[in-house]
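Each remark here refers to the structure printed beneath this line.
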There are 2 protein chains.
Amino acid sequence: MNLKKLSKILGLSQTTVSRALNNYPEVSEATRERVKAAAVAHGYRANIRAKSLATGRSMAIGHVIPISTQHEIVNPIFADFIAGAGEIYSRNQHDMLLSVVPDVDEDRTYRELAAKASVDGVIVHGPRPNDPRIPLLQSLNIPFVVHGRASDEDTDYSWVDVNNRRSFERAANFLFDLGHKRLALINGLEFMDFARRRKEGFLAAHAARGVEATPVLMASDEMTENFGFKATQAMLAQRQPPTAFIVSSMIMAIGVRRAISDARLQMGRDISVIIHDDALSYLPNGAEIPIFTATKSSVHEAGKLCAQMLLDIIDAGDKTPRHTLLETDLTLGESTGPVLK
Amino acid sequence: MNLKKLSKILGLSQTTVSRALNNYPEVSEATRERVKAAAVAHGYRANIRAKSLATGRSMAIGHVIPISTQHEIVNPIFADFIAGAGEIYSRNQHDMLLSVVPDVDEDRTYRELAAKASVDGVIVHGPRPNDPRIPLLQSLNIPFVVHGRASDEDTDYSWVDVNNRRSFERAANFLFDLGHKRLALINGLEFMDFARRRKEGFLAAHAARGVEATPVLMASDEMTENFGFKATQAMLAQRQPPTAFIVSSMIMAIGVRRAISDARLQMGRDISVIIHDDALSYLPNGAEIPIFTATKSSVHEAGKLCAQMLLDIIDAGDKTPRHTLLETDLTLGESTGPVLK
DNA sequence: GCAAGCATTCAAAGCGCTTTGGAAATGATT
DNA sequence: AATCATTTCCAAAGCGCTTTGAATGCTTGC
């Protein structure tokens, strides 16, 4: 079923039928009703490619998911983010186009998306400091929103980010207030912007207290359970082990917990742990009482915000950058307590 | 830059340029070279929508991700599956179209995908027994591959599945051989096909040994860490607690481990645990020595297989169903041992 | 030397939609 | 009744590509 047939059935021109369906004012209410009813009756749905060829808009948003070539790891927050964004897209009749590409090919992918005109805008994932993708997308003149930030000079593009620096500063301060002196940081790869900012916050809290941060107590790697375990194990084996850990993700924290319980220590009593909790749907932080004390910010929500911001930008057609900085909730769980004397 | 301009620059007709670029034989090698060089030089890339409007093929594959309306949970295996599938798609110049929809709207989504002609085929996720999506897709006449199976009558559509039944039967037998008598099953929602089959395998092993399975030792719910924890805690509190657990996912197993260590028991000595390991990239089962004894099957690999199968089907244009049944590896980890006397 | 055959190239139609620039019909105004 | 403005509808062009059917120029074979 296509426009031509439908209009023939109705005895109207394609123009009128098209206009009726797209709610143009220059068609009478009566015919509009008639047309819409017929469309439903015959199961007519406009061919999306013909439509976007004619309009020049693709009604699709691109997400380029980089796969790190060294690690072959898919970011686990990705599923929840996508779910959030997808909700907004389908609510606004947009499609989501996913390109999973080795990080080295990312450039090419963006250029292709632009040249083939397959999307109206893109979401940029996992920004690094001074990420080259940003000038690239700007030069390609394609609307985009970054999930995270890519530099300190962050005013000339649109982003949605968590206040990572403040979050981790607060977390460290909270532990200091409980009497802890030796804090460990289990962080993601620090060429990622979010991890760099978290470390900054961690260090800032130390500086404010005049405490020197210990290099061996700051680990950074791909955020797997296993890295959390290994790093914690190594730190607990130090002559002067830390009494508290700040951990950048729930997944790593699971490894941290494993190392702690393997060492026959009790979390929340012998060792305190604060995590950053992305509120992943399949990894809730306990039920009634949170397992971990956590700085919490829903990545599902971030997905929704990014998507909505991008659609707004495309809609408005103006290029003035927009920014959303999300503050985290510091939720108290069972994993923290005063330092043991 | 478009075909018209490019052909004007080259002093050739659109026909010839198009054919040169698409490797049609009826164009001389010399001009083909010249055209291709010019295309690169001018950054020409065929507009994908115009192309698919003309060819009738969209060069895109749809994935409909259902969000369970009651639970709002995104399946965590999803990221790795998508990564695998995406690899195949980009290698074959296909796009991946993702629709995240509340499960109640799935029907409508498939119909729309078909009517709008936006994809050449779809992957069906999370099949249930007698899943209505299968006859629907068949009637819509759109090529599809199911990740999993939807019934015992599984011959008239294409699928890629893990031999869940045999896997869990083997796992149970392995535990029986170690002397365990009371096995617990922590399973996913049993209206999902995979979970149903796993239970069957679990029960079959019992039946073969003449052991009666205990209803209170078989739990089933959404596969979260928290459910794993709660279920295990409850079972360990029984008068006759189980000595071994079979757990349907790594995420749940993390909760199982938490409950075990909270009960001051040692996994692998006091309590044995076998899990099903989807080999998620961000949740590796330990490093050198696996933490958990596991029936292992890479969901990343499954993604690749599904994608490849679907592309093959589309390419071949024939509708004879294809099937791939993957056997799992039973890998020995530190979480199992002989039953304590 | 001429028809036949082949290798190249092209003009134009068509994919299914939107949109421009009118035209026809209706109603209001003089 | 003639004029004008509105409303309602339409024919046709165009989005950027592929593909059909035909034309062109060259080489062969007899």
Side-chain angles (χ1 to χ4, degrees), chain A residues 1-39 42-60 93-95 112-120, chain B residues 1-36 38-39 42-60 93-95 112-120 317:
Chain A
M1 178 54 59
N2 56 21
L3 232 210
K4 202 175 193 174
K5 287 192 204 158
L6 186 65
S7 46
K8 189 149 294 172
I9 291 175
L10 282 159
L12 289 169
S13 74
Q14 293 190 36
T15 313
T16 306
V17 175
S18 168
R19 285 185 162 154
L21 292 173
N22 292 309
N23 296 316
Y24 277 61
E26 56 269 69
V27 63
S28 71
E29 261 329 298
T31 45
R32 188 191 308 287
E33 290 305 318
R34 197 162 67 90
V35 169
K36 286 195 169 176
H42 295 82
Y44 172 76
R45 205 68 49 96
N47 179 308
I48 204 167
R49 280 180 317 252
K51 184 166 192 161
S52 60
L53 181 58
T55 57
R57 292 189 54 175
S58 69
M59 299 299 277
Q93 289 88 252
H94 277 248
D95 287 327
E112 282 195 8
L113 283 179
K116 297 191 299 185
S118 27
V119 297
D120 291 335
Chain B
M1 178 54 58
N2 57 19
L3 231 212
K4 202 175 192 173
K5 286 191 203 158
L6 186 66
S7 47
K8 190 150 290 172
I9 291 175
L10 283 159
L12 289 170
S13 73
Q14 294 190 35
T15 311
T16 306
V17 175
S18 166
R19 285 186 162 154
L21 292 172
N22 292 310
N23 297 315
Y24 276 60
E26 56 268 68
V27 64
S28 72
E29 260 331 296
T31 44
R32 187 192 308 288
E33 290 304 318
R34 199 162 67 89
V35 169
K36 285 195 169 176
H42 295 83
Y44 171 75
R45 206 65 52 95
N47 179 307
I48 204 166
R49 280 181 315 252
K51 185 166 189 159
S52 60
L53 181 57
T55 58
R57 291 189 53 175
S58 69
M59 300 299 277
Q93 290 88 250
H94 277 247
D95 288 326
E112 281 195 9
L113 283 179
K116 297 192 300 187
S118 28
V119 297
D120 290 335

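Residue numbers begin at 1 in each chain, while the letters A, B, ... track the order of the sequences.
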Please pick, from D:dT19, C:dT9, D:dC17, the nucleotide with the shortest atom-to-atom distance to any side-chain atom of B:Thr55. D:dT19

Just the rounded figure in Å: distance from P of D:dC9 to CD of A:Gln14. 16 Å

Closest of C:dG16, D:dC9, C:dT9 to the A:Asn47 side chain is C:dG16

Can you check whether A:Ser28 has a side-chain N or O nearer than 4.0 Å to OP1 or OP2 of D:dC9? yes

Nearest-nucleotide 5' precedence on DNA chain C, B:Glu29 against A:Lys4: B:Glu29

Listed nucleotide nearest any side-chain atom of A:Ala54, set D:dC9, D:dC15, C:dC10: D:dC15

Short side-chain N/O contact from B:Ser13 to OP1 or OP2 of C:dC10, under 4.0 Å: yes

Let me see the working for B:Thr16 and B:Leu10 under side chain to side chain contact (heavy atoms under 4.5 Å, CB included), right down to the final yes or no. CA-CA 10 Å; B:Thr16 306; B:Leu10 283 159; over 6 Å; no

Of the listed C:dT18, D:dT18, D:dC10, the closest approach to the A:Arg19 side chain comes from D:dC10

Looking only at the side chain of B:Leu53 (C-beta and beyond, no hydrogens), which of the listed nucleotides C:dC10, D:dT19, C:dG16 gets closest? C:dG16

Among D:dC17, D:dC9, C:dC17, find the nucleotide with the atom closest to the side chain of B:Lys51. D:dC17

Find the distance A:Arg49:CZ to D:dT18:P and express it as a whole number of Å. 13 Å

Can A:Val35 and A:Val27 be said to form a side chain to side chain contact (heavy atoms under 4.5 Å, CB included), step by step? CA-CA 10 Å; A:Val35 169; A:Val27 63; over 6 Å; no

Length of the CG-P vector between B:Leu21 and C:dT9, whole Å: 13 Å

Any N or O donor-acceptor pair linking the side chain of B:Thr15 to the base of D:dT19 at under 3.5 Å? yes

C:dT9 OP1/OP2 closer than 4.0 Å to side-chain N/O of B:Tyr24: no

Below 4.0 Å: OP1/OP2 of C:dC15 and any side-chain N or O of A:Asn2: no

Side chains of B:Ile48 and A:Arg49: closer than 4.5 Å at any heavy-atom pair? no

Check whether any side-chain heavy atom of A:Asn47 sits under 4.5 Å from a side-chain heavy atom of A:Asn2, and report yes or no. no

Value in whole Å for how far the P atom of D:dT18 lies from CG of B:Leu12: 15 Å

Is A:Tyr44 close to A:Val17 at the side-chain level, that is, under 4.5 Å between some pair of heavy atoms? no

Quickly work out the B:Met59 CE to C:dC15 P distance and round it to whole Å. 21 Å

Any side-chain heavy-atom pair from B:Lys36 and B:Asn23 closer than 4.5 angstrom? yes

Starting from C1' on D:dC9, measure out to CG on A:Leu10 and report it in whole angstrom. 13 Å

Check the distance between C:dG14's P and A:Leu3's CG and give it to me in whole angstrom. 17 Å

Within the pair B:Ser18 and D:dT18, is there a side-chain N or O less than 4.0 Å away from OP1 or OP2? yes

Below the 4.0 Å mark, does D:dC17 have OP1 or OP2 next to a side-chain nitrogen or oxygen of B:Ser52? no

Rounded to the nearest Å, what distance is computed from the CZ atom of residue A:Arg34 to the C1' atom of nucleotide D:dC9? 12 Å

